[in-house]
Protein chains: 2
Amino acid sequence: MVKIQKQDTTEQKILGAAKSVFLEKGMAGARMQDIADKAGINKALLHYYFKSKEKLFEMIFKEASALFFSKINGIIDADIPLFDKIENFCSAYIDMLLQNPYLPLSVLNEATKQPQRFKQKLWKNREQIFIKFAHEIASETQKRKIKSIDPAHLFMNMISMCIFPFIARPVWMISTGMDENEFRAFVEERKKTIPQFIIESLNK
Amino acid sequence: MVKIQKQDTTEQKILGAAKSVFLEKGMAGARMQDIADKAGINKALLHYYFKSKEKLFEMIFKEASALFFSKINGIIDADIPLFDKIENFCSAYIDMLLQNPYLPLSVLNEATKQPQRFKQKLWKNREQIFIKFAHEIASETQKRKIKSIDPAHLFMNMISMCIFPFIARPVWMISTGMDENEFRAFVEERKKTIPQFIIESLNK
DNA sequence: GTCTATACTCGGATAGAC
DNA sequence: GTCTATCCGAGTATAGAC
């Protein structure tokens, strides 16, 4: 008889704890003790499972950054009209960010502070996610369906408007006086307002 | 006779070195040794001038974040038409960011990782920079001069598009294959493309 | 596999000579 | 004011008992 899997193995607990601590504090700021505490074990056991802090970090980080970048591919690749694609992209991406609010800051941080490691160890086999998107823009522009625009700028605009609020959240909350719930509602709204804003700008 | 000021006092050198190291590595990642090296002195002297790492950091950070937020006020407060204001804002802000490319990531990081300290020590007397802007949008909307839009979303869109490229630079450069010069040219272009993009969207 | 105890290292901070 | 030498805490990593 197959044993019913109790899913919270020690390894699972460690990975979960490590993810939250690393994403929140970054590699330099994270403490093995915090990870151990959060996992309900001691430091020694961390090293038993994952040789070193560096190794543990890479494990977490690869998975996290894969999520950050790969979710997009399916949507960008889909064979649907451009405007629908923009709507789907913003909506799906913001949903993902709502579930992983610390992800972008963490990824961009490591890319900035340890560019070598990022490029070599953490940035393997990434798709050129916006190339197909760029072609699509160029084609629509040529067909005179939308106003002429540089695809790179449009793409940058779109991801900026989706991601930045999550990075700037604490400052935004302080300066607007929003609380957690209001902020959540605000970014929920953005699933609609961003595509609207973009499409208004592109429409002839 | 007034003594000619030789401007590179030790204190100046320390502050300059500390600024670049802190902005690049963040509080947790920065090393006093690196700051000392870059300033051409030794660690002991750092402590002679600025009691502790924490103190030095706060000094640098307050000044830096003041720059980050206060440059905006003058532009937002100016008594000129809305569209001109948007153009001026993007242009001036991107110029400032070109001169301080690490600033936003650093500020937003500390706000995220040490929210208490940020709110208490580093976020003193900040203006509610976007309140006047919001009123102006509301007024233009009522006068039916522009399409109706929530000022909070518009403001967030604008700062997102200006700031985010600087935060995402390393990832963007890797995934597009841009080099330093191309990236610089790209954000220079954005001084024009962002206002265009916004104004196209707002225009009736 | 999991723990306690401890070794080792790095880096912030201080003492004291000049 | 500036240096060398040193201290000491924090935090990663390991040894070894259970």
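Chain letters run A, B, ... following the sequence lines, proteins first and then strands; every chain starts at 1.
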For this session: Identify whether the distance between the nearest side-chain nitrogen and carboxylate oxygen of B/D95 and B/K191 falls below 4.0 Å.
Result: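 B/K191 and B/D95: salt-bridged.
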
Exercise. Can you tell me how far the OH atom of A/Y93 sits from the CD1 atom of A/I163, to the nearest 0.5 Å?
Worked result: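 Spacing of OH (A/Y93) from CD1 (A/I163) equals 4.0 Å.
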
Problem set entry | Spacing between A/N42 atom CG and C/dA5 atom P, to the nearest angstrom |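 My rounded result for the distance is 11 Å.
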
For this session: Round to a whole Å and report the spacing from CZ of B/F57 to C1' of C/dA13.
Result: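 Checked: the CZ to C1' distance equals 19 Å.
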
Problem set entry | Quiz item: cation-pi between B/R169 and B/F164, 6.0 Å / 45° |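 Checked: cation-pi criterion not met.
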
Distances for protein N/O vs nucleotides 9-12 of chain C N/O pairs under 3.5 angstrom?
from   : atom 1 : to    : atom 2 : distance (Å)
C/dG11 : OP1    : B/R31 : NE     : 2.9
C/dG12 : OP1    : B/A30 : O      : 3.4
C/dG12 : OP1    : B/K53 : NZ     : 3.3
C/dG12 : OP2    : B/M32 : N      : 2.8
C/dG12 : N7     : B/K43 : NZ     : 3.0

Problem set entry | Over 12 non-hydrogen atoms of neighbours within 6.0 angstrom of NZ in A/K147 |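 Yes, NZ of A/K147 has more than 12 neighbouring heavy atoms, counting only those of other groups under 6.0 Å.
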
Exercise. When you look at CE of B/M59, are more than 12 heavy atoms from neighbouring residues, nucleotides or ligands closer to it than 6.0 Å?
Worked result: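 No.
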
For this session: Applying side-chain contact (heavy atoms from CB on, under 4.5 Å), run through B/K53 and B/I35 and close with a yes or a no.
Result: CA-CA 10 Å; B/K53 184 184 180 183; B/I35 297 173; over 6 Å; no

For this session: Dump the intermediate steps for side-chain contact (heavy atoms from CB on, under 4.5 Å) on B/F61 and B/S106, then the final yes or no.
Result: CA-CA 9 Å; B/F61 197 82; B/S106 188; 4.1 Å; yes

Problem set entry | Bounds of contact between DNA chain D and chain B, in 5' to 3' order, using a heavy-atom cut-off under 4.0 Å |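 Using the under 4.0 Å cut-off, the span is D/dG1 to D/dT4.
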
For this session: Would you mind reporting whether A/W172 and A/T176 have side-chain heavy atoms less than 4.5 Å apart?
Result: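 Side chain of A/T176 against side chain of A/W172, heavy atoms only: contact under 4.5 Å found.
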
Exercise. What is the nucleic acid contact for A/Y48, judged by heavy atoms within less than 4.0 Å: base, sugar-phosphate only, or nothing?
Worked result: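 Result for A/Y48 = base.
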
